[in-house]
Number of protein chains: 2
Amino acid sequence: MIININNNMENPNTVTIQKEWERQLQQTGSRLTEPRRAILKVITESDHPLTPIQIYDQARQSEPYLGLVTVYRTIEILENLHLIDRIHNLGQCQTIFRGTSGHQHLLTCTQCGSSVHFEGLLAEAQFEEIAAFNGYKISGHWLQLYGLCQQCLKEEHEN
Amino acid sequence: MIININNNMENPNTVTIQKEWERQLQQTGSRLTEPRRAILKVITESDHPLTPIQIYDQARQSEPYLGLVTVYRTIEILENLHLIDRIHNLGQCQTIFRGTSGHQHLLTCTQCGSSVHFEGLLAEAQFEEIAAFNGYKISGHWLQLYGLCQQCLKEEHEN
DNA sequence: ATTATTATTGATATTGATTATCATTATCAT
DNA sequence: ATGATAATGATAATCAATATCAATAATAAT
Ligand SMILES: [Mn+2]
Ligand SMILES: [Mn+2]
Ligand SMILES: [Zn+2]
Ligand SMILES: [Zn+2]
């Protein structure tokens, strides 16, 4: 089953989400400030991923003296609380690996970085279905698996 | 079926891969230079994803006067030829989106950026299997779907 | 309510990666 | 060999992200 969990800007309980985030901030020892409220508002009300600069520009409309540094600091806190995700954009990030012919994905060791390509994923068909269910026409996907390679598993076992 | 397509450093046809890349460079109008050969050698022989700086440092061992700019330019060419992939590292890239509770993935519109979370992917179980087949113990994965949202599909149709 | 403690803020400076510029050099078709 | 020009690398510029620190604001204690 495929479930759509999205809450978008028109959703009336957006305000509840912000209040919930504020509660979590306080409960974990962070102080509740106007700059932070402005940042939370922007993030909780957006239905797109935003760059720190975009968050900064939007939040300054209600909090003109906001500093960009505060945006970075707030993002870090929200990430530690698992309230936000960091999204990868196509064409960003700069780690280069030789490709293979055809359509493949990568399995990478988080310890030593060694990587292998694989293909033959059965899920590809389901991607279409998920997109269609949400009204999207799919054009591509991004998949990477992370883990420990045989070598690193062995070394970990020895210690 | 899951097929491992990896060619690593010990693989004797690594040299063939570099020759093949050189052939493609020439065939598409690029000149074959010593700095480029040194860069190709590093990338084709590596079994990890490398940053531009890492490629630069390794390639300077055989090509001491190599400039970092040339590394960036060569990467761009190789990317256009689809000979390399740009790999995302965990914790890099800075586009922020509110998360949801639980384990979900994101479907994003490449036109307007609007995004929805989904869960219930059937493939998750297969990830373990793929990793095990390659001798890896999986610890996580990264999946994003890209496409056009309903709104952008409609607008595209109108033009 | 007042005060004390200290987390938070934002101005400023710094770092570090990526891109732009341009005179010099090397490749390759002729 | 020669010439046209693609490619190179030194240098400078840009831009995001991080570090520093005195001033400020939020919270707990009184
Ligand atoms: Mn795929
Ligand atoms: Mn998943
Ligand atoms: Zn490893
Ligand atoms: Zn759209």
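Values below: all heavy atoms of this structure, side chains included; hydrogens, waters and symmetry mates excluded. Numbers restart at 1 for each chain; the letters A, B, ... are given by sequence-line order, proteins then strands.
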Query raised in the report: Minimum heavy-atom separation for A/Leu143 to B/Phe127, with atom names?
Result: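 For A/Leu143 and B/Phe127, the tightest heavy-atom pair comes out as CD1-CZ, 3.8 Å.
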
**Report entry** Closest heavy-atom pair and its distance - A/Glu119, A/His103
**Finding:**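 Looking at all heavy atoms of both residues, the shortest contact is CB-O, 3.7 Å.
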
Query raised in the report: Are any of B/Gln26's side-chain N or O atoms less than 4.0 Å away from OP1 or OP2 of C/dT27?
Result: no

Report the distance from atom [atom1] of [X] to atom [atom2] of [N], rounded to the nearest whole Å.
| X | N | atom1 | atom2 | result |
| --- | --- | --- | --- | --- |
| B/Ile39 | D/dG9 | CD1 | C1' | 12 Å |
| B/Glu63 | C/dT25 | CD | P | 16 Å |
| B/Glu34 | C/dC28 | CD | P | 10 Å |
| A/Gln27 | D/dT27 | CD | P | 14 Å |
| B/Leu32 | C/dA29 | CG | P | 11 Å |
| A/Asp57 | D/dA16 | CG | P | 10 Å |
| A/Tyr56 | C/dA11 | OH | C1' | 11 Å |

Report task. Using a 4.0 Å heavy-atom cut-off across all strands, classify B/Leu66 as base, sugar-phosphate, or nothing. Result -> sugar-phosphate

Query raised in the report: Under a 3.5 Å cutoff on both atom distances, Watson-Crick or G-U, what's the dot-bracket for DNA chain C ([ ] crossing, | other strand)?
Result: ||||||||||||||||||||||||||||||

Query raised in the report: What residues form a side-chain contact (heavy atoms from CB on, under 4.5 Å) with A/Ala131, not counting sequence neighbours?
Result: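 With neighbours one apart ignored, the set is A/Tyr136, A/Ile138, B/Leu107.
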
Query - salt bridge (Lys or Arg N to Asp or Glu O under 4.0 Å) contacts in which one or both residues fall within residues 148-157 of chain A, not counting sequence neighbours - result: none

Report summary line: Residue pairs passing the salt bridge (Lys or Arg N to Asp or Glu O under 4.0 Å) test with at least one member in residues 58-68 of chain A, sequence neighbours excluded, are A/Asp57-A/Arg60

State, yes or no, whether a side-chain contact exists between [X] and [Y] at a heavy-atom distance under 4.5 Å.
| X | Y | value |
| --- | --- | --- |
| B/Leu153 | B/Gln111 | no |
| B/Val71 | B/Leu66 | yes |
| B/Ser115 | A/Pro49 | yes |

Query raised in the report: Using the ring of each side chain (for Trp, its six-membered ring), is B/His141 parallel, tilted or perpendicular to B/His105, with breaks at 30° and 60°?
Result: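 Judged by the thresholds at 30° and 60°, the geometry between B/His141 and B/His105 is parallel.
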
Query raised in the report: Is any NZ, NE, NH1 or NH2 atom of the basic residue among B/Arg73 and B/Glu76 found under 4.0 Å from an Asp or Glu carboxylate oxygen of the other?
Result: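 Not counted as a salt bridge, because no side-chain N and carboxylate O are separated by less than 4.0 Å.
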
Query - Upstream residue (5' side of DNA chain C) when B/Val69 and B/Arg37 are each assigned their closest nucleotide - result: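 Counting from the 5' end, the first nearest nucleotide belongs to B/Val69.
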
**Report entry** More than 12 heavy atoms from other groups under 6.0 Å of CD on A/Glu22
**Finding:**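 Counting neighbours around CD of A/Glu22, more than 12 heavy atoms of other residues, nucleotides or ligands fall under 6.0 Å, so yes.
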
For nucleotides 28-30 of chain D, which of its nitrogen or oxygen atoms have a protein nitrogen or oxygen under 3.5 Å away, and what is each distance?
none

Query raised in the report: What is the per-nucleotide protein-contact pattern of nucleotides 1-8 of chain C, from the 5' end, where B denotes a base atom under 4.0 Å from a protein heavy atom, S denotes such proximity for sugar-phosphate atoms only, and - denotes neither?
Result: -----BBS

